[in-house]
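In this text the structure is predicted, and so the values were computed from the model without any measurement.
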Amino acid sequence: MSPMHLYSLWYLSTYLCACEQVYHCMMDSSKFDSSSYFGRIHGILMYKDFVEFWDDVEAFEARPDDLVIATYPKSGTTWLSEIVDMIYKEGDVEKCKEDAIFNRVPYLECRKEDVMNGVKQLKQMASPRIMKTHLSADLLPGSFWEKNCKMIYLCRNAKDVVVSFYYFFLMVAGHPHPGSFQEFVEKFMDGEVPYGSWYKHAKSWWEKRKKPHVLFLFYEDMQEDIKREVIKLMQFLGRKPSEELVDKIVQHTSFHEMKNNPSTNYTMLPDEIMNQKISPFMRKGIVGDWKNHFTVALNEKFDTHYEQEMKGSTLKLQTEI
Ligand SMILES: *[C@@H]1O[C@H](CO)[C@@H](O)[C@H](O)[C@H]1NC(C)=O
């Protein structure tokens, strides 16, 4: 079976689990029990199957030429992955279109029994490998730090992240219903969503930013001046940013191109698994959509909490550009 089929199967089984849950909840009309979807790793909420096979992730053996793309979920991971793969493939669009992004850039900690297995996928992959992870710097397997692997962290402002995460809960099987937007924002503020507290996550990577093998990027900077950020990336990866190559990468990885590219828009997954009719995977790709979702009161509450969480940190994000 091709990895793409395996991936679909993984989603399908997750979906079936979700159906069972919906049925169960309808029967006893009780609240969703998030413990049937999520477990914990070092206290952090995580998809149950990832937790079950966490030992394999923790014991992962990095190679010195591995490149890690790290993000909190819904922060531009696919966008950055496609840019980096384009850099590695020296702008060869056809080569990039040969396989889905989740096979070119495997998802390290992703696991569903033996059907989907990021660790296994990576073990079988030829070097140099590019991989994605949503792990905080503290949870990233030690081997990556011991080998000084290059790592890129992409940070996006929390308000736009929570909006995107809400739609993700609605459209991807294997998530409980997020409730109202306000309810979901409160869960997010409490760190009671997969991968835990955004605040702790962003700060864990911010503390690593001065290491020469770590590059810390902002989603908002990429929206503001993508050319500048692509050049920054190429320099970090030791490539010569020729004008022609940079332009080609910028063009191929625009929101419009990626939304209409079957190898990046997740269109190969059936609706029952990722329902793009509820909300497309490539939804808006903008800065400031939070303004269309937050009420004035919720925004004030969020800001107050944000200041407490980020007190003393020099990490500053733009929420509009
Ligand atoms: C993904 O790309 C394909 C091919 O261009 C297109 O037909 C499809 O509508 C896109 N899917 C979404 C959800 O945008």
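Ring orientation note: the planes of His42 and Trp54 are nearly perpendicular, at an angle over 60° on the 30°/60° scale. Note on ring orientation: taking the six-membered ring where Trp is involved, the planes of Phe168 and Phe165 are tilted (angle from 30° to 60°).
The shortest side-chain heavy-atom distance between Phe302 and Met189 falls under the 4.5 Å cut-off. Side-chain contact between Trp206 and Tyr153 is absent, with no heavy-atom pair separated by less than 4.5 Å. Side-chain contact check for Val68 versus Thr133: some heavy-atom pair is nearer than 4.5 Å. The shortest side-chain heavy-atom distance between Leu233 and Leu217 falls under the 4.5 Å cut-off. Contact check for Leu140 versus Trp205: side-chain heavy atoms found under the 4.5 Å cut-off. Contact check for Lys232 versus Glu229: side-chain heavy atoms found under the 4.5 Å cut-off. In this structure, the side chains of Thr319 and Val287 stay at 4.5 Å or more apart for every pair of heavy atoms. Between Ile44 and Leu139, some side-chain heavy-atom pair lies under the 4.5 Å cut-off.
Rounding to the nearest 0.5 Å gives a distance of 5.5 Å between CD1 of Ile226 and OG1 of Thr253. With rounding to the nearest 0.5 Å, the separation of NZ in Lys200 from CE in Met310 is 12.5 Å. To the nearest 0.5 Å, atoms CD (Glu309) and OG (Ser197) are separated by 5.5 Å. Rounded to the nearest 0.5 angstrom, Lys187 NZ and Phe169 CZ are separated by 8.5 Å. The distance from the CE atom of Met274 to the OG1 atom of Thr267 is 10.5 Å, given to the nearest 0.5 Å. Summarising the geometry, atom CG belonging to Leu237 is positioned 5.0 Å from atom CD1 belonging to Ile152; distances are rounded to the nearest 0.5 Å.
Under the 4.0 Å criterion applied to side-chain N and carboxylate O atoms, Glu272 and Lys277 are not assigned as salt-bridge partners. Under a 4.0 Å N-O distance rule, the pair Asp56/Lys120 does not qualify as a salt bridge. With respect to the salt-bridge test (charged N to carboxylate O, under 4.0 angstrom), the residues Asp303 and Lys159 qualify. A salt bridge links Asp289 and Arg283; the closest N-O separation between the charged side-chain nitrogens and carboxylate oxygens is under 4.0 Å.
In this structure, Arg104 contributes its side chain and Cys96 its backbone to a donor-acceptor pair below 3.5 Å. A donor-acceptor pair is defined here as one N or O able to donate and one able to accept, closer than 3.5 Å; no such pair exists between the side chain of Asp85 and the backbone of Ser81. The backbone N or O of Gly285 sits less than 3.5 Å from a side-chain atom of Gln223, completing a donor-acceptor pair. Panel note: side chain Lys248, backbone Gly91; a donor-acceptor pair is recorded below 3.5 Å. The main-chain N or O of Asp160 is never found under 3.5 Å from a side-chain atom of Ser164 such that the two would form a donor-acceptor pair.
For Lys311, there are no salt bridge (Lys or Arg N to Asp or Glu O under 4.0 Å) partners, not counting sequence neighbours. Residues meeting the side-chain contact (heavy atoms from CB on, under 4.5 Å) test with Lys97, sequence neighbours left out: Val93, His252, Asn261, Ser263. Contacts of Gln235 classified as side-chain contact (heavy atoms from CB on, under 4.5 Å), with partners at least two apart in sequence or in another chain: Ile231, Pro241.
Aromatic rings of Tyr47 and His175 (six-membered ring for Trp) have centroids within the 6.0 Å cut-off, being under it. Ring-centre distance between Trp79 and Tyr219: below the 6.0 Å cut-off. In this structure, His134 has its ring center under 6.0 Å from that of Tyr107. Within the 6.0 Å centre-distance limit, the rings of Phe102 and Tyr266 are counted as a close aromatic pair. Taking the six-membered ring for Trp and the full ring otherwise, Tyr167 and His293 have centroids separated by under 6.0 Å.
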Could you walk me through whether Glu94 and Lys89 pass the salt bridge (Lys or Arg N to Asp or Glu O under 4.0 Å) check? CA-CA 10 Å; Glu94 290 317 308; Lys89 295 192 166 86; over 6 Å; no
Asn292 and Val163: CA distance, side-chain angles, deciding distance, side chain to side chain contact (heavy atoms under 4.5 Å, CB included) verdict: CA-CA 9 Å; Asn292 300 316; Val163 169; over 6 Å; no
Using the rule given for side-chain hydrogen bond (donor to acceptor under 3.5 Å, both in side chains), can you reason through Gln308 versus Tyr199, listing the C-alpha separation, both sets of side-chain angles and the distance that settles it, and then say yes or no? CA-CA 10 Å; Gln308 283 165 8; Tyr199 318 90; over 6 Å; no
Go through the steps for Glu320 and Glu220 under the test side chain to side chain contact (heavy atoms under 4.5 Å, CB included), then give the verdict. CA-CA 8 Å; Glu320 53 196 319; Glu220 293 73 20; over 6 Å; no
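Checked by atom type, the side-chain pair Gln318/Asn157 shows no donor-acceptor distance below 3.5 Å.
Across all their heavy atoms, Pro176 and Phe38 have their closest contact at CD-CZ, 3.6 Å. Nearest heavy atom pair, residue Glu61 against residue Arg129, reads O-NH2, 3.4 Å. Contact detail for Ser204 and Asp138: the closest heavy-atom pair is CB-OD2, 3.7 Å. The nearest pair of heavy atoms linking Ile249 to Val230 is CG2-CG1, 4.2 Å. When every heavy atom of Met258 is checked against every heavy atom of Asn265, the shortest pair comes out as O-CB, 3.5 Å. Annotation for Trp198 and Cys155: closest pair CZ2-SG, 4.1 Å, computed over non-hydrogen atoms.
The number of heavy-atom neighbours closer than 6.0 Å to CD of Glu192, taken from other residues, nucleotides and ligands shown, is above 12.
Geometrically, Lys208 engages Trp145 in a cation-pi contact defined by less than 6.0 Å to the ring centre and at most 45° from the axis. For the pair Arg111 and Phe53, the cation sits on the ring face: its NZ or CZ lies under 6.0 Å from the ring centre, inside 45° of the axis.
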